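Some notes on the structure that comes next.
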Amino acid sequence: MAWKDYRPENVKKRFPQSIVPLVNGKALIRAAKKHKGMIMATNIRCRLPVEGIVRASMATQAPVMYEIAKSELTYTEFTPASFVDFIVKENERLGNTQVPFAIHGDHITVKKMEDKDSVRALIAAEMEAGYTSFAIDASHMENEKNLEATTELARPIIEAGLSLEVELGEIGAKSGSAEGFTRPDEAEWFISNLVKNGVHPDLLAINNGSIHGTYFGTAQEGIQLDLTLEIWKAIQPWNVDIAQHGITGTSLEKITSFINYGIRKGNVGTLWQNIAFGFAMNQNGNAITTLEKGYVKRPYRGIPDALWQEMWAWAVETGNIGGNIKNANKVFAAKLNAIGPEYKERITAHAYEEAVRLFEATHSTGLAEAVWQELEAMGS
């Protein structure tokens, strides 16, 4: 399809001369639903995996969401604006004018009502920066406060007509335990009351047994799909679908099955960090770890071994072992960005292959044309 400027107004204002298809996230979700697929959302944490993801998206015609969580803004090199700048410039550099993508503000957390002012400011900054999709996460509070905060903070997103994800049930219940899992009746109450308040989300993120990051020790991916389907059915009167967080460590076969349980967006974050750092992984992309919450570095993968050794020495000295190795992304950003071309090329190649596998598993290959059709129908 010939490129036509269906970009939202905030994107046109920020990038008036750009012709890369940074579009409303709603169109991606609607296309996935109509064609029985799912959108892959990527939390990249550093710059290194992005070229491979963009190239895979272009090659397979698979739309993608590039996202960054509020927490990731504290342990990566990115600001809200610099994140969008980087993603747009990479798509421009690689010549993407045909495969639509969205930029998503992930886990915009509101842990207490006193956070609302700072969160409101972050949403405004992300809208100005050119984000086209947002996830308000007030799941840390009781349901009534979650409803109140989400209703209030979502107003500018709804008024701009951009994609909205909301959350009920904090991600990270212990594997094998129902404690904290989202219930279908809660989801029905939450979505129905949001809609009554004039806030109609596209997606609901739930606690259905996943966790973020690497699975250490006896922890394992524990996504409860039967529960997910019950929740999805409960919110179908409002045509809201499920966002699945914490996919790293999940088999491709199970990821494909997500589509049958109402899941339309799947967040993949730690996998890209594993690829960039060159960690050994099992077949599902979960990092292979040691008893000391260390990692196994492959000399033929990722960044140079010498840089990894420097990073690990820092991690041990500062207590950033285990999942806290994510904090190295900011501390070592300059050195990560300065690695030699041979290391960048092998990270790009590895990210490309993993992205293709995920696009195939989510049935999003070839979905670009359907997104254009949705954009045309939306008249955005």
Side-chain angles (χ1 to χ4, degrees), residues 20-22 28 38-68 72 76-78 82-104 106 247-250 252 255 266-287 297-304 307-308 326 328-329 332-333 335-368:
V20 296
L22 169 53
L28 277 68
M38 188 171 119
I39 298 299
M40 184 181 69
T42 67
N43 299 68
I44 56 166
R45 298 186 182 173
C46 73
R47 297 170 183 255
L48 297 174
V50 173
E51 180 176 344
I53 298 169
V54 175
R55 290 191 180 280
S57 174
M58 293 169 64
T60 61
Q61 294 287 293
V64 61
M65 281 189 174
Y66 299 93
E67 61 184 24
I68 189 165
E72 289 173 317
T76 70
E77 66 171 291
F78 297 109
S82 70
F83 182 75
V84 181
D85 287 342
F86 174 62
I87 298 299
V88 167
K89 287 176 182 176
E90 279 295 273
N91 277 272
E92 286 176 342
R93 182 176 70 85
L94 297 168
N96 179 26
T97 61
Q98 296 297 317
V99 183
F101 64 94
I103 294 183
H104 179 78
D106 191 32
I247 287 182
T248 298
T250 305
L252 293 175
I255 289 172
N267 291 13
V268 184
T270 307
L271 173 68
W272 310 113
Q273 179 177 275
N274 294 345
I275 290 170
F277 291 176
F279 293 159
M281 295 182 282
N282 66 15
Q283 291 181 342
N284 297 337
N286 192 52
K297 167 71 168 72
R298 296 298 194 207
Y300 47 85
R301 293 285 197 191
I303 59 177
L307 177 54
W308 166 246
K326 64 188 180 183
N329 283 286
F332 290 89
K335 291 185 177 183
L336 290 168
N337 293 337
I339 61 174
E342 67 273 30
Y343 301 105
K344 289 183 178 179
E345 287 169 6
R346 72 187 189 185
I347 292 169
T348 293
H350 195 182
Y352 177 96
E353 290 300 332
E354 292 298 333
V356 167
R357 280 156 43 94
L358 284 163
F359 290 141
E360 291 175 345
T362 56
H363 293 181
S364 56
T365 59
L367 205 58

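Because the structure is a prediction, the values reported are computed rather than measured.
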Determine, step by step, whether Arg298 and Trp308 satisfy the side chain to side chain contact (heavy atoms under 4.5 Å, CB included) criterion, reporting the C-alpha distance in whole Å, the side-chain angles of both residues, the deciding distance to 0.1 Å, and the verdict.
CA-CA 10 Å; Arg298 296 298 194 207; Trp308 166 246; over 6 Å; no
How many angstroms lie between SG in Cys46 and CD1 in Ile347, if you round to the nearest 0.5 Å?
7.0 Å
Residues that Phe332 engages under ring pair (Phe, Tyr, Trp, His ring centres under 6.0 Å), provided they are two or more places apart:
Trp314
Roughly how far, to the nearest 0.5 Å, is OH of Tyr66 from NE2 of His104?
15.0 Å
Heavy-atom closest contact (Gly52 atom, Ala351 atom, distance)
CA-CB, 4.2 Å
Sequence neighbours excluded, every pair satisfying salt bridge (Lys or Arg N to Asp or Glu O under 4.0 Å) that has a member inside residues 50-65
Glu51-Arg55, Glu51-Arg93
Please name all residues satisfying side chain to side chain donor-acceptor pair (under 3.5 Å) with Asn43, sequence neighbours left out, ordered by chain then number.
Glu72, Asp106
Close side-chain approach of Asn91 and Met58, heavy atoms under 4.5 Å
no
Are the side chains of Phe277 and Asn329 in contact, using a 4.5 Å heavy-atom criterion?
yes
If only atom types and distance count, is the side chain of Lys297 paired as donor or acceptor with the main-chain N or O of Ile303 below 3.5 Å?
yes
How far does OG1 of Thr60 sit from CG of Leu358, to the nearest 0.5 angstrom?
10.5 Å
Is the backbone N or O of Asn286 less than 3.5 Å from a side-chain atom of Asn284, with the two atoms forming a donor-acceptor pair by type?
no
Starting at CD1 of Ile103, measure out to CG of Leu22 and round the result to the nearest 0.5 Å.
4.5 Å
Measure the spacing between CD of Glu67 and OG1 of Thr42 and express it to the nearest 0.5 Å.
6.5 Å
Go through the steps for Met281 and Leu271 under the test side chain to side chain contact (heavy atoms under 4.5 Å, CB included), then give the verdict.
CA-CA 9 Å; Met281 295 182 282; Leu271 173 68; 3.7 Å; yes
Contacts of type side-chain contact (heavy atoms from CB on, under 4.5 Å), residue Ser364, not counting sequence neighbours
Ala62, Phe359, Thr362, Leu367
Between Pro21 and Gln98, the two heavy atoms sitting closest are CG-N, 4.1 Å
Counting distance only, does the side-chain N/O of Arg346 pair as donor-acceptor with the main-chain N or O of Arg301 below 3.5 Å?
yes
Test applied, side chain to side chain contact (heavy atoms under 4.5 Å, CB included); reference residue, Val268; option that passes from Ile247, Ile44, Val64, Ile255:
Ile247
List the residues meeting side chain to side chain donor-acceptor pair (under 3.5 Å) with Lys89, not counting sequence neighbours, and say none if there are none.
none
May I have the list of side-chain donor-acceptor pairs in residues 337-345 shorter than 3.5 Å, sequence neighbours left out?
residue, atom, partner, partner atom, Å
Asn337, ND2, Glu77, OE2, 3.1
Asn337, ND2, Ala333, O, 3.2
Lys344, NZ, Asn337, O, 3.2

State the CG-CZ distance between Asn96 and Phe101, to the nearest 0.5 angstrom.
6.5 Å
Shortest non-hydrogen contact between Phe83 and Phe78, atoms and distance:
CA-CD2, 3.8 Å
